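Read through the structure below, which is laid out as structure tokens, and then see the notes.
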Amino acid sequence: MTQVLDDITCRELVELVTGYLEGALSDADRTRFEEHLEICGACRTYIEQIRLTIEASGQLTEEALEPSARDAFMDAFRDWNRSRSNPGTSD
């Protein structure tokens with residue numbers, strides 16, 4: 001089977017997923033994206049997981065979290081934000 005140069009890779013699909021779900025891809029990129037989904041079960045599963053995550057997170061409120069879970073999320077965000085602000089440093 002001959003590989004067509006316009007085929008999208010799984011890695012490219014992951015990088016384009018937000019644009020796809022928001023309807024922001026060009027027609028050509030959306031077509032390539034959807035053609036990849038037709039042949040790649042793993043990427044179809046990934047897209048479904050992303051959709052479910054978006055749906056679930058849209059229903060989550062701060063008040064719904066246990067205080068310990070809220071604190072854990074805030075600590076994780078602070079650590080992530082700190083690592084982005086100071087690349088190349090370690091704790």
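Keep in mind that the numbers below use all heavy atoms, side chains included, and drop hydrogens, waters and symmetry copies. These figures come from a predicted structure and were not determined experimentally.
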Could you tell me which residues satisfy side-chain hydrogen bond (donor to acceptor under 3.5 Å, both in side chains) with R44, sequence neighbours excluded, listed by chain and number?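 side-chain hydrogen bond (donor to acceptor under 3.5 Å, both in side chains) list for R44, sorted by chain: empty.
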Listed pairs under 3.5 Å, donor-acceptor, residues 8-19 side chains, sequence neighbours left out:
residue, atom, partner, partner atom, Å
T9, OG1, E12, N, 3.1
T9, OG1, E12, OE1, 3.3
E12, OE1, T9, N, 2.8

Can you sort out the partners of S26 under side chain to side chain contact (heavy atoms under 4.5 Å, CB included), two or more places apart, ordered by chain and number?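 Side chain to side chain contact (heavy atoms under 4.5 Å, CB included) list for S26, sorted by chain: A28, D29.
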Residues in salt bridge (Lys or Arg N to Asp or Glu O under 4.0 Å) with D71, at least two apart?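 D71: no salt bridge (Lys or Arg N to Asp or Glu O under 4.0 Å) contacts found.
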Compile the donor-acceptor pairs under 3.5 Å between side chains in residues 45-56 and protein atoms, sequence neighbours left out, one pair per line.
residue, atom, partner, partner atom, Å
T45, OG1, G41, O, 3.1
T53, OG1, Q49, O, 2.8

Quick one: which residue pairs count as a ring pair (Phe, Tyr, Trp, His ring centres under 6.0 Å) with a foot in residues 7-31, not counting sequence neighbours?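 Every pair satisfying ring pair (Phe, Tyr, Trp, His ring centres under 6.0 Å) with a residue in residues 7-31: Y20-F33.
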